[in-house]
Amino acid sequence: MARRRLPWMMFDYIDGAAGRETGAARNRAAFDALTLRPRILRDVSNRDLSSAVFGQRTRAPFGISPMGMCNLSGPGADLMLARLAAREKVPLGVSTVASTAMEPLIEAAAGHAWFQLYFSGDGAGTFKLVERAKAAGYETIIVTVDVPEVGRRPRELRHGFTMPFRIGPKQFIDFALHPRWSLSALIKGRPEMANFQMPGYAFDRTESRARADWDTLAKIRDMWQGRLVVKGVLDAEDAVRLRDAGVDAIQVSSHGARQLESAPAPIDVLPAIRAAVGPDMPLFFDTGLRGGEDVVKSYASGADFAFLGRILQFAIAAGGEEGLQRLWQVLCEETSITLAQIGAVSMQRDQLDGCITR
């Protein structure tokens with residue numbers, strides 16, 4: 001439904017992956033290769049989907065990944081996600097390149113918002129954003145480290161996707177053939193990178209982020225007294241070094257296979273990272289989650305919490321806020337049913353021990 005309703009340029013920006021997109025296929029194949037162990041005759045009549053993140057209870061075992069320019073999927077999408085986070089008491093990742101500014105989003109999310117940070121250029125703008133997030137009341141930032149250079153995504157290139165939009169004949173035809181999206185964008189205003197709509201905050205999506213190193217992380221750690229999550233980790237040695245550097249959580253992720261086509265499937269490396277950092281280091285997971293069984297598999301592989309991404313944007317594109325709420329309900333139902341099938345009553349680690357076969 002989202003494919004039909006969105007302009008090709010927008011759909012392929014959301015859906016696309018790096019290179020020939022074999023990395024995205026590998027992520028799906030890795031989940032499909034995992035099997036869960038069905039158990040019978042256990043009383044699973046009272047199941048609990050709640051989880052805990054940094055000591056705060058959540059109603060669902062998954063949160064909302066930071067995603068750039070969510071309003072491309074539909075006008076007001078960022079705020080729909082924020083209201084969902086407030087209702088479910090789950091973290092909302094607010095992207096550096098969100099299409100709604102960080103201040104109204106943390107308010108709409110009732111405080112359940114984390115600010116995601118890209119280091120770019122010489123870092124001057126990056127450190128300004130850290131201070132701004134602090135002033136806005138954010139208690140957690142997510143430093144994304146797997147984009148030293150923006151991945152090459154051919155589908156974007158074919159459609160000429162840029163931010164801000166450059167409208168040529170191809171884009172004009174694309175918009176004309178998708179009037180529902182185009183008219184709503186015309187009425188509501190085209191999506192922009194809202195965190196940079198003020199003096200002193202410039203951002204170039206294609207600007208190199210290659211200068212970031214361990215000293216950069218140390219500087220951010222020193223200036224940020226709140227919780228610090230590092231996202232985009234696929235190597236156990238890196239994870240151990242992050243733990244020793246004093247980060248508060250590690251997010252295992254391949255950025256939805258949007259950066260390095262040949263990256264390993266995150267669900268495959270998650271157990272090794274858990275073994276390397278030990279049982280007490282908070283590990284979060286995203287990439288490739290498409291249903292409730294995937295969520296359970298990520299927890300059974302070592303995750304403490306999971307984050308959903310582009311499927312939420314597809315739900316918004318397909319059905320607006322009602323579509324988003326319906327998908328969330330389906331995902332919760334699927335997760336609960338999966339627990340019942342494997343004889344578990346919660347997402348706790350002891351409940352899921354031994355339930356997965358690799």
Side-chain angles (χ1 to χ4, degrees), residues 1-25 27-28 64-81 95-101 118 120 147 149-197 202-208 255-261 287-288 290 308-324 326-327:
M1 291 175 68
R3 187 190 297 271
R4 291 198 306 269
R5 294 181 179 184
L6 289 173
W8 308 315
M9 182 169 71
M10 307 312 171
F11 179 83
D12 284 348
Y13 167 71
I14 298 169
D15 187 55
R20 296 167 299 153
E21 306 194 14
T22 59
N27 291 340
R28 185 62 256 162
I64 302 165
S65 286
M67 295 175 282
M69 302 302 297
C70 284
N71 286 0
L72 293 175
S73 60
D78 280 325
L79 289 170
M80 295 178 197
L81 292 168
S95 173
T96 288
V97 290
S99 39
T100 305
Y118 283 124
S120 62
V147 195
E149 302 288 354
V150 176
R152 190 175 189 275
R153 300 190 279 271
R155 275 203 264 171
E156 287 184 22
L157 299 175
R158 282 198 297 271
H159 294 307
F161 183 91
T162 59
M163 288 302 301
F165 299 143
R166 296 193 185 102
I167 307 299
K170 182 184 293 187
Q171 290 77 27
F172 182 83
I173 293 171
D174 189 4
F175 292 165
L177 291 173
H178 298 87
R180 175 174 175 169
W181 185 94
S182 303
L183 289 173
S184 65
L186 183 65
I187 294 168
K188 301 290 186 178
R190 67 180 185 181
E192 301 283 358
M193 292 182 288
N195 286 319
F196 303 96
Q197 302 299 305
F203 184 82
D204 179 355
R205 178 172 174 261
T206 63
E207 185 176 38
S208 175
H255 215 108
R258 291 168 69 81
Q259 302 306 323
L260 179 64
E261 183 178 16
T287 297
R290 295 293 182 269
L308 308 175
R310 65 187 77 180
I311 58 172
L312 303 179
Q313 290 202 57
F314 291 147
I316 292 170
E321 193 156 10
E322 182 181 352
L324 175 65
R326 177 60 183 144
L327 176 63

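Worth saying up front: this structure is predicted, and the values here are computed from it rather than measured. Here, residue 1 is the first one in the sequence, and each next residue gets the next number. Reckoned from all heavy atoms, side chains included, excluding hydrogens, waters and symmetry mates.
Shown here for Ala77 and Cys70, the closest heavy-atom pair between the two residues is CB-O, 3.3 Å. Nearest heavy atoms, Val97 versus Phe196: CG1-CE1, 4.4 Å. Pairing each heavy atom of Trp181 with each of Leu72, the nearest pair is NE1-O, 2.7 Å. Of all heavy-atom pairs spanning Ala257 and Gly23, the tightest one is CB-C, 3.7 Å. When every heavy atom of Pro191 is checked against every heavy atom of Asn71, the shortest pair comes out as CG-O, 3.8 Å. Residue Ala2 comes nearest to Ala318 through the heavy atom pair N-CB, 4.2 Å, listed as atom of the first residue, atom of the second, then distance.
The line from CG of Asn27 to OG1 of Thr22 is 9.5 Å long, rounded to the nearest 0.5 Å. Of the inter-residue distances, the one linking Gln313 atom CD with Met69 atom CE reads 10.0 Å to the nearest 0.5 angstrom. Within the model, atoms OG1 of Thr100 and CD of Glu192 stand 11.5 Å from one another, a figure rounded to the nearest 0.5 Å. To the nearest 0.5 Å, the span separating CZ on Arg3 from CZ on Phe11 amounts to 3.5 Å. Rounded to the nearest 0.5 Å, atoms CZ (Arg152) and CD (Glu261) are 11.0 Å apart. Note that the OG1 atom of Thr287 and the CG atom of Leu308 stand 11.0 Å from one another [nearest 0.5 Å].
Contact check on Arg155 versus Asp15 returns a salt bridge, with a Lys/Arg side-chain nitrogen under 4.0 Å from an Asp/Glu carboxylate oxygen.
A donor-acceptor contact shorter than 3.5 Å is absent between the side chain of Asp78 and the backbone of Ala101. No side-chain donor-acceptor contact under 3.5 Å links Asp12 to the backbone of Glu156. Put simply, the side chain of Arg153 gets close to the backbone of Arg258: a donor and an acceptor are under 3.5 Å apart. In this structure, Gln259 contributes its side chain and Val147 its backbone to no donor-acceptor pair below 3.5 Å.
Looking at Met67 and Leu81, their side chains come closer than 4.5 Å, going by heavy atoms from C-beta outward. Put simply, the side chain of Arg290 reaches to within 4.5 Å of the side chain of Arg310, judged on heavy atoms. Taking 4.5 Å as the limit, every side-chain heavy atom of Arg326 sits out of range of all side-chain heavy atoms of Glu321. Under the 4.5 Å side-chain criterion, counting only non-hydrogen atoms from C-beta, Leu327 is not in contact with Phe314.
With sequence neighbours left out, Ser182 forms a side-chain contact (heavy atoms from CB on, under 4.5 Å) with Phe175.
Screening residues 169-178 for side-chain hydrogen bond (donor to acceptor under 3.5 Å, both in side chains), with sequence neighbours left out, gives Asp174-His178.
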